[in-house]
Structures are given as C-alpha cells and as structure tokens.
Chemist: 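Shown below is the structure under consideration.
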Amino acid sequence: MKPRHLAILWCLFALLWPLAAAAADVQATLDRSRVELGETVTLNLRSQGGGMLQTPDLSALSRDFAVLGSSSNTSISIINGRRSAQVTVGVALRPMHTGTLRIPPLAFAGGTTAPLELQVDEPDPNAAASGRKDVFLEAVVDPVDGYVGQQRVYTLRLFFAADLTNGALEDPQLAGVDVRRLGNEINYQAERGGRRYNVIERRYALTPQREGHLDIPPVAFQGDMVSMADPNAFFGSGTPVSASSPGVSIDAKAAPAEAGRTTWLPARDLNLALDGGPSHGDLRVGQPLNLMMSVQATGLPYEALPALSLPALDGATVYPDKPVNATHVDGQWLVGRRQQGFAIVPNRPGTLTIPETTLTWWNVVTDKPEVARLPAQTFTVLPAAGATASQAPTAAQPSRAPETTAAPPAATASATPWRWIALGSVGLWLASMAAWWWQRRSRRGATPEAPAPAASPAKLRAAFLGAARSSDEVAQVSALLKWARAERPAIQNLGELSQALASERQREAIAALQRKRYAGQEESGLGDRLASAFRDGFDWRSDGNGTSNGSPLPPLYPFNVRR
C-alpha cells in the first residue's frame, strides 16, 4: 500500500474514532419532571463526541406527546490538552393528557437511552391569577345560558410576560356550533398578581345549532419566548412555550312555545322596512312601481333570516330583482341583512293594494316575542298615458267623480301675463303661416310627394317574428305593440295587450318578456316562445277586454300577511 493511501486511512480513522467511542455513551434527560397540562417540556438527548447527528425516530412519543420541534448544539472543551466534544439535541414536547407519562428508550447516536417518566397535572387557575406563569390563556363566554340559534361572544385572551419571537394560537372548534371571528385582534397590557403582562385578545361569535349542554374544549397556544434579561437573547435563542385555555360550557335551550311555528329568529334587535313608490301615490297601467324591502337583525347572520318576497297582487304582476345579502360586525355582534327589490307592473286601472306584512321574532334582551310590521299600502292606478275614453275604469271599478274647480280670486290679478303669452303665441303662428306660404310658392310646379302608406298588419307581423328571434327585448316589445295597434289602436302597453288576449300561451309569453325587461331575468328560449305563440296571429278576447288570470310566478311569501 502506498504511503499516500496510508495517510488517508489514518485521517479517516481519526475522524470516526470519537463517534465510535461515543456510540454507547448517550443520555436522555428532561428539563422538568413535573409540568401542568398545556405547558411544554424539553427532552435533551446528549452524546459524547463531535460531528453532526440526526434527530432520532420520535414516533413512539406520538401517543402521549405532540412534538413541537427540535434543535441541536455542539460544545467543545480542552482540559489538560485533551479535547472533548458533546452534541445535544433538544426536542420540545407538549403533553396531550394528564397522568404519569413514560418516554420509552430511544435509539440515538448508535446507542439507546434509558426510559424516563413525566408527571402531568391539571392546570392551576390560581397560578395565573397570582402572576406565577410567564404565558397563560383565559377564556370566557357571554351569555352562558341562552337559546339555540342565539349568538354568544367567546373571548380568548393570551397573556405573556416576555417577548414572543413567534407563536400560533388555535381557533375554538366545536361540533354543532357556528364559529366566526369578530373583528381583528386587540393588543393591550394588563396586570395579574402584581405582574404586568402583554395581552392579545380575540373575540368569536358562537351560535349553537342544536339544543343541549355544550362543552367548548381548551384552545392551545405554542411559540417561542425570549427574555431580554437572558444574555443569549441577542443571539436569537428562544425558549419554547405553550399554554391551554380553560374549558368552558354553554347551555342552549329550545325555542319557547310562545314563539309558535314561525321562523325562529332570536335577535337583540330587528328592523323590517319597505321603501320606494311614487310621492303622489298614483300609478299608471304598465308603469312599473319599484319597491325595496329589507330586514336587518343584530345577533344573527343573514343566512338565519328568511328570504323576502311579495304575494301575488290582484291587478298587477310582481317581478323580483336579484337579492343583496351581507353580514357585518358591529362591535361584538353579528348584523345580518337581506335586501330584495321588486318591480310591480299594474295591468288594469283601479286600486292596487299591497297587504300588511308581519314578521315575528324573539327579543333575547327582554326574553319576549315581538312583531315587526309593515302597514298596507294602497295606490290609485290610472289608465295608461294617451289612453282613450273607452279605457276608463269600468262600472265595477271605482272611478273619480268630476271635479269642479273655481278660479281663485288671485287668478284675476295674474291675468295680464297670460294675455301677453297668448298674443305672443298668435304672433308665432302668423310667422309660421308666412314661412309656409313662401315655401309653397317656391316649390310651385313641383310634383307633390305622396304620403307613405301605413304598414299592413302582415308586414308588422313579419317584422315582429324577425325581432322575436333576436336578443333585444326593447325591439321585441316595440314590434309586438306596433303589430297589436294595427289591429287594436287603443292598446298602449303590454299589460293592456295581455288583458285583451284570450290565449293563456300568449299571455305567458308576454309575462316572460316583461320579466326580462323590468326584472332583468334571463328567459331561456324566449325568442322561440314569442315566435311560436304569435305565429298564427293574436287570439283576441271576444269582449275586447278582460283581466289576466293572475301572476305566472309562484307565491314566495314567508311572512304572516294580514289583509
């Protein structure tokens, strides 16, 4: 063997010898032999010798401990010319239950450690209050007693006396309870047992979904804490810390019998509103009435509120708009809101009444039922603009008595301005006649143009069938009304056209066209439905009048309506 090869072997032997010599010299220790549940403990694995060592297999600890992380440290000392090295691997553990927990032998650095025991006790609530703990958690819920579906406020506070380099705080979780964060974290300072702590506070909205006694399990925190009094703090060495909150319980009672069989709404406050409508109180046939209904409740998310709707109205068609729903946070309470718009299109003159709307809810502050109420509203529906006298209200409908208006005395004093206005109008008329006479004289001898003939119903029918297959509802409405007026000149809008038709199929096609026009609802195959319904012409009623057979929309009204 060459001398160079012998030198390489001696070097390798010199490097591996400390590890081989320390193969059997391993030791396992705990930094504490007794801890409380929620605290962490450090398992130190030491080996005499140098070099890099891997963390041993810790799967045997998963039954009793949660492994939070590990770190390694190597120390070298020279005594009387002799060099020695020690490698320490620290493993942070968090006990998962109380009792005497056993750490089994572990294979490490070619050797096996001796077994260890750790005593885990229940947390002492007096220790946190007396300021003997560096990190601890508090948890309270308000109110403890309440109803199913009623919001509670769960407050979680993390107290720590030193700086935290990092940390993770869990969120409460409980089956059968809806949990939502309330706003952002709150940071402040507080004193416990004469010791000042930094505090991180979180609030949660807890809403039980089932009745009975519910236990909220402890919430865990784990992180690294650095004390500025420690000289090693400047080098980034932190101490693993953990804590657990005390468990709390709540009771969810069933809805009381006084609540009846209506929708169960346990809230702190509830408002029901209906906005919109003309200021003068009168409507016209075919003119949409836009209303906005809303319900808002404090202590409930919007998912717990009923959907809003209006009943079928006699003499009008209701077209609902897309709802707008949201939940926001007001302090420590959820505020849910539902908002629904409606377009109400009258289809005959007379009186239109929107009945009273009531919504029963339970006031959790007074522990009594209450009723939110919208009073009934009545509107006078006038004939469509430009309607003939034949379209006035029939004998079965209330009509307005003719009014005799006497000119007030003050009108005499203001007669002079109107006289000048009349004289000015006559002058403008004379000027227009002179201009017309001059234009006619200049064109004398020219061949006068024949007036354009009116379009026949056949051409108007063909124009509508062409527009029906387009996606432009404005063109569809215009073409359909032009065709209808060629046969019935008195018709002014789609409502009157639908009222004058005997075919249910044609009335349904018109209702679908109105839903698309006023409510923005997409109707699949609307063009084909229109073309198919009116391909053979209008199916007029024999009396030329009549009313529709009600709204094609199904009733969507969750409230108790009183007429």
Chemist: With a 4.5 Å limit on heavy-atom distance, are the side chains of T298 and D330 in contact?
Modeler: no
Chemist: Taking all non-hydrogen atoms of both residues into account, name the closest pair between W361 and A267 and its distance.
Modeler: CZ3-O, 3.5 Å
Chemist: Check for a donor-acceptor pair, side chain of R94 on one end and backbone N or O of S242 on the other, with a separation under 3.5 Å.
Modeler: no
Chemist: Tell me whether the count of non-hydrogen atoms from other residues, nucleotides or ligands lying under 6.0 Å of CZ in R196 goes above 12.
Modeler: yes
Chemist: Could you point out which residue of V371, L272, N271 forms a side-chain contact (heavy atoms from CB on, under 4.5 Å) with L359?
Modeler: L272
Chemist: For the atom pair CG (D145) and CD1 (I250), what is the distance rounded to the nearest 0.5 Å?
Modeler: 10.0 Å
Chemist: Strictly distance-based, threshold 3.5 Å: is any side-chain N or O of Q340 a donor or acceptor partner for the main-chain N or O of D321?
Modeler: yes
Chemist: Can any side-chain N or O of E170 pair as donor or acceptor with the backbone N or O of A168 at less than 3.5 Å?
Modeler: no
Chemist: I'd like to know if the side chain of S245 reaches the main chain of L137, judged simply by a donor and an acceptor atom lying under 3.5 Å from each other, with no hydrogens or angles considered.
Modeler: no
Chemist: Between A28 and A114, which heavy-atom pair has the shortest distance, and what is it?
Modeler: CB-O, 4.5 Å
Chemist: May I have the list of side-chain donor-acceptor pairs in residues 198-206 shorter than 3.5 Å, sequence neighbours left out?
Modeler:
| unit_1 | atom_1 | unit_2 | atom_2 | d |
| --- | --- | --- | --- | --- |
| N198 | OD1 | Q189 | NE2 | 3.1 |
| E201 | OE1 | R157 | NE | 3.0 |
| E201 | OE1 | Y188 | OH | 2.6 |
| E201 | OE2 | R203 | NE | 3.2 |
| R202 | NE | E185 | OE2 | 2.7 |
| R202 | NH1 | L169 | O | 3.3 |
| R202 | NH1 | D171 | OD1 | 3.2 |
| R202 | NH1 | Y204 | OH | 3.4 |
| R202 | NH2 | E185 | OE2 | 2.8 |
| Y204 | OH | D171 | OD1 | 2.5 |

Chemist: Between P95 and V120, which heavy-atom pair has the shortest distance, and what is it?
Modeler: CB-CG2, 3.7 Å
Chemist: Are any non-hydrogen side-chain atoms of V89 and F108 less than 4.5 angstrom apart?
Modeler: yes
Chemist: T113 and side-chain contact (heavy atoms from CB on, under 4.5 Å): which partner among L45, I103, T29?
Modeler: L45
Chemist: To the nearest 0.5 Å, what is the distance between CD1 (I216) and OG (S249)?
Modeler: 7.5 Å
Chemist: Kindly assign one of parallel, tilted or perpendicular to the pair W264 and W362, based on the angle between their ring planes and the thresholds 30° and 60°.
Modeler: tilted
Chemist: Begin with the C-alpha distance, continue with both residues' side-chain angles, and end with the deciding distance and a verdict on side chain to side chain donor-acceptor pair (under 3.5 Å) for Q296 and R337.
Modeler: CA-CA 4 Å; Q296 178 172 298; R337 179 179 177 86; 3.2 Å; yes
Chemist: Any sub-3.5 Å donor-acceptor pair from S47's side-chain atoms to V87's backbone N or O?
Modeler: no
Chemist: Work out which heavy atom in L374 is nearest to a heavy atom in M293; give both atom names and the distance.
Modeler: CD1-CE, 4.2 Å
Chemist: For residues L265 and P306, determine if any side-chain heavy atom of one lies less than 4.5 Å from a side-chain heavy atom of the other.
Modeler: yes
Chemist: Between F65 and L118, does the side-chain contact (heavy atoms from CB on, under 4.5 Å) criterion hold? Intermediate values first, please.
Modeler: CA-CA 11 Å; F65 298 91; L118 176 67; 3.8 Å; yes
Chemist: Measuring only between side-chain heavy atoms, which start at C-beta, is V41 closer than 4.5 Å to D31?
Modeler: yes
Chemist: Counting distance only, does the side-chain N/O of R152 pair as donor-acceptor with the main-chain N or O of V144 below 3.5 Å?
Modeler: yes
Chemist: Once rounded to the nearest 0.5 Å, what's the spacing between atom OG of S33 and atom CG of L116?
Modeler: 10.5 Å
Chemist: Would you name the heavy atoms of A254 and E211 that are closest together and state the gap between them?
Modeler: CB-OE1, 3.3 Å
Chemist: Strictly by modelled atom types, are H213 and D215 linked by a side-chain donor-acceptor pair under 3.5 Å?
Modeler: yes
Chemist: Rounded at 0.5 Å granularity, tell me how far OG1 in T360 sits from CD in E258.
Modeler: 12.5 Å
Chemist: Check step by step if side-chain contact (heavy atoms from CB on, under 4.5 Å) holds for F160 and V241.
Modeler: CA-CA 10 Å; F160 54 98; V241 293; over 6 Å; no
Chemist: So do the side chains of E473 and L526 get within less than 4.5 Å of each other, counting heavy atoms only?
Modeler: no
Chemist: Minimum heavy-atom separation for P246 to A139, with atom names?
Modeler: O-CB, 4.0 Å
Chemist: At what distance, to the nearest 0.5 angstrom, does CD of Q339 lie from CG of D275?
Modeler: 8.5 Å
Chemist: When you compare the side chain of D142 with that of Q332, does any pair of heavy atoms fall below 4.5 Å?
Modeler: no
Chemist: Could you give all pairs that pass the salt bridge (charged side-chain N to carboxylate O under 4.0 Å, His left out) test and reach residues 294-313, with sequence neighbours left out?
Modeler: R180-E303
Chemist: Run L291 and I354 through side-chain contact (heavy atoms from CB on, under 4.5 Å) and show every step you take.
Modeler: CA-CA 11 Å; L291 298 178; I354 300 177; 3.3 Å; yes
Chemist: How far does CG of N166 sit from CE of M225, to the nearest 0.5 angstrom?
Modeler: 12.0 Å
Chemist: Do L313 and P311 have side-chain heavy atoms sitting under 4.5 Å apart?
Modeler: yes
Chemist: According to side chain to side chain contact (heavy atoms under 4.5 Å, CB included), who are the partners of V329, at least two apart in sequence or on a separate chain?
Modeler: L182, L334
Chemist: Where the side chain of T165 meets the backbone of D224, is there a donor-acceptor pair that is under 3.5 Å apart?
Modeler: yes
Chemist: Can you find a heavy atom in the side chain of L174 that is under 4.5 Å from one in the side chain of V179?
Modeler: no
Chemist: For side-chain contact (heavy atoms from CB on, under 4.5 Å), just list the numbers for T155 and V141, CA-CA rounded to whole Å, side-chain angles, deciding distance to a tenth of an Å, and then say yes or no.
Modeler: CA-CA 6 Å; T155 305; V141 62; over 6 Å; no
